[in-house]
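All of these numbers come straight from a predicted model, not from anything done at the bench. Lettering of chains follows the sequences in order, A, B, ..., and the numbering in each one begins at 1.
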2 protein chains.
Amino acid sequence: MKAGLSKEKIIIIAAKMADEKGLAELTLKALADELGIKPPSLYKHFNGGLDELNKELMLYGWRMLDGEITKAVIGKAKDDAVIALCHTYRKFVSEHKGLFEAMQWYNMYQSEEHLQASAGSVDIIYRSLSSYEMTDEQKVHTVRMIRAFLQGFSTIEVHVGSNYPVPLDDSFDFALRTILSGIADMKGDE
Amino acid sequence: MKAGLSKEKIIIIAAKMADEKGLAELTLKALADELGIKPPSLYKHFNGGLDELNKELMLYGWRMLDGEITKAVIGKAKDDAVIALCHTYRKFVSEHKGLFEAMQWYNMYQSEEHLQASAGSVDIIYRSLSSYEMTDEQKVHTVRMIRAFLQGFSTIEVHVGSNYPVPLDDSFDFALRTILSGIADMKGDE
DNA sequence: ACAATAATGCTAATTGCATTAGCTATTATA
DNA sequence: TATAATAGCTAATGCAATTAGCATTATTGT
């Protein structure tokens with residue numbers, strides 16, 4: 001029986017499963033069960049097995065995040081753009097915990113493809129900074145700083161949950177203000 | 001034959017293996033081979049098997065990092081303390097990539113023990129901020145910001161490596177200055 | 001329309017690691 | 001010194017990933 005599956009459809013289902021159950025629960029067996037096929041059949045779509053599935057999830061996640069950030073930043077500049085970007089990133093992670101895990105996974109395989117995967121987001125952050133008066137080098141630093149903060153904050157948030165006397169929302173906004181204020185002070189620095 | 005092993009000794013070896021080969025390569029089989037024993041024997045030390053080993057590595061890593069940070073901030077205050085703390089954190093991660101992976105692992109098991117594991121470092125960051133004029137709430141925010149930045153930056157660095165026209169060292173220092181400058185501006189904010 | 005080919009699914013079998021059960025030797029202790 | 005706890009072992013099980021080879025369904029060129 002043919003199930004009429006395609007790589008794309010499978011990835012979408014797999015992403016949903018990863019988001020619901022966590023990436024570790026996304027086994028070929030579980031995915032096959034969900035799709036109504038047998039595990040070996042998945043190799044017809046993913047020659048590289050589980051590894052390739054994870055890789056594809058990673059790429060899918062970055063593409064999706066790129067898209068959402070791009071949309072969010074349209075028509076905005078400077079602080080407004082950075083704020084929109086950061087909130088979009090954080091929201092994305094909260095809605096796609098499993099995909100986010102997969103996206104952090106690109107360390108194990110250092111191919112061109114993987115390096116480019118996250119390059120998209122880096123590029124968007126970079127372009128969002130275009131209207132600031134900074135040197136190119138300062139922009140690179142700033143991109144890295146923002147990226148590190150976003151990734152770190154999101155990871156911690158995903159791991160730790162959201163129970164605390166001091167809400168994480170406030171901390172996020174606070175940190176964002178701090179970073180923006182730091183950027184504003186940047187002019188004179190070497 | 002008795003190999004004269006103890007939980008502590010095994011954890012130290014396991015940590016070394018994880019740092020050298022990556023956490024994923026640290027299987028019970030590989031560890032047993034390294035120790036010159038058979039995999040089932042490990043259950044005499046780690047009742048919970050692989051899970052418990054990972055948990056212990058996580059705790060070991062946090063304790064070690066706590067110790068190094070504590071040492072590094074002794075006799076320092078304000079910016080000096082924060083700078084020392086951040087550099088120590090980053091250096092630790094670069095020298096203990098495998099342990100760092102394990103330390104990020106605490107999401108899966110949400111026990112008291114695990115929550116306290118990272119609480120130590122949080123506490124040290126918090127205390128390092130003691131000489132700033134901030135409200136307690138601002139301190140909580142600042143701790144989270146620093147922690148997010150450190151974790152994010154380190155993760156990216158571990159994943160991506162250190163090849164680039166613009167050196168990561170510079171970006172790290174730049175971000176640190178930006179954050180410190182943001183902190184300095186903080187006074188008036190609500 | 002129809003043969004050839006590619007695509008997609010299956011079953012059966014293999015591998016490798018984690019884990020459990022039960023046995024044995026060694027160490028520590030009462 | 002007898003006894004209990006410790007730390008190792010072998011044998012066996014289970015589970016997921018993977019590979020090989022077969023069967024069926026689509027697709028495509030003529």
Q: So do B:H87 and B:F172 actually touch side chain to side chain, heavy atoms under 4.5 Å?
A: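 Contact flag for B:F172/B:H87 side chains = yes.
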Q: Nearest-Å distance, CG (A:L5) to P (D:dA26)?
A: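 Atom CG in A:L5 sits about 13 Å away from atom P in D:dA26.
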Q: Is the distance from OP1 or OP2 of D:dT6 to the nearest side-chain N or O of B:H45 less than 4.0 Å?
A: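 Negative; the distance criterion is not met.
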Q: Would you mind telling me which of B:I69, B:V73, B:T70, B:I83 makes a side chain to side chain contact (heavy atoms under 4.5 Å, CB included) with B:T88?
A: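 Exactly one pass, corresponding to B:I69.
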Q: Let's go through A:R90 and A:D169 carefully: what are the C-alpha distance in whole Å and the side-chain angles of both, what is the deciding distance for salt bridge (charged side-chain N to carboxylate O under 4.0 Å, His left out) to 0.1 Å, and is it a yes or a no?
A: CA-CA 10 Å; A:R90 184 173 172 227; A:D169 281 0; 2.7 Å; yes
Q: Can you tell if the side chain of B:E157 reaches within under 4.5 Å of the side chain of B:V93, non-hydrogen atoms only?
A: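 When only atoms from C-beta onward are counted, B:V93 and B:E157 do not touch, as no gap falls below 4.5 Å.
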Q: Expressed as a whole number of angstroms, how long is the span from B:L23:CG to C:dC17:C1'?
A: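 In whole Å, C:dC17 C1' and B:L23 CG are 15 Å from each other.
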Q: So does A:K7 have more than 12 non-hydrogen atoms from other groups sitting under 6.0 Å from NZ?
A: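 Yes, the 6.0 Å shell around NZ holds more than 12 heavy atoms from other groups.
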Q: Does A:K16, at its NZ atom, have more than 12 non-hydrogen atoms belonging to other residues, nucleotides or ligands within less than 6.0 Å?
A: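 Result for NZ/A:K16: open.
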Q: Tell me: CG of A:D33 to C1' of D:dC15, nearest whole Å?
A: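 Distance, rounded to whole Å: 13 Å.
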Q: Check for a donor-acceptor pair, side chain of B:D19 on one end and backbone N or O of B:L99 on the other, with a separation under 3.5 Å.
A: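 Looks like yes, one N/O pair under 3.5 Å.
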Q: In whole angstrom, give the distance that lies between atom NZ of B:K38 and atom C1' of C:dG16.
A: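 The distance from NZ of B:K38 to C1' of C:dG16 comes to 15 Å, rounded to the nearest Å.
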Q: Starting at CD of B:E52 and ending at C1' of C:dA18, how long is that distance when rounded to a whole Å?
A: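 So the CD-C1' distance, B:E52 to C:dA18, works out to 14 Å.
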Q: Please list, by residue number, the residues of residues 13-22 of chain B whose heavy atoms come closer than 4.0 Å to an atom of DNA chain D; answer none if no residue qualifies.
A: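 Of all residues in residues 13-22 of chain B, none places a heavy atom under 4.0 Å from DNA chain D.
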Q: Could you check how far NZ of A:K9 sits from P of C:dT8, rounded to whole Å?
A: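 Rounded to whole Å, this separation is 11 Å.
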Q: Counting only heavy atoms not in B:K38 (residues, nucleotides, ligands), do more than 12 fall under 6.0 Å from its NZ?
A: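 Counting neighbours around NZ of B:K38, 12 or fewer heavy atoms of other residues, nucleotides or ligands fall under 6.0 Å, so no.
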Q: Nearest-Å distance, CZ (B:F46) to P (D:dG8)?
A: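 Going from B:F46 (CZ) to D:dG8 (P), I get 11 Å.
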Q: Generate the contact string for nucleotides 16-23 of chain D. Rules: B means base contact, S means sugar-phosphate contact only, - means no protein heavy atom under 4.0 Å.
A: SSBB----
Q: Step by step, work out the side chain to side chain contact (heavy atoms under 4.5 Å, CB included) result for A:L23 and A:L57.
A: CA-CA 10 Å; A:L23 189 63; A:L57 283 177; 4.1 Å; yes
Q: Would you mind reading off the distance between B:E25 atom CD and C:dG16 atom P, rounded to a whole angstrom?
A: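 That distance rounds to 15 Å.
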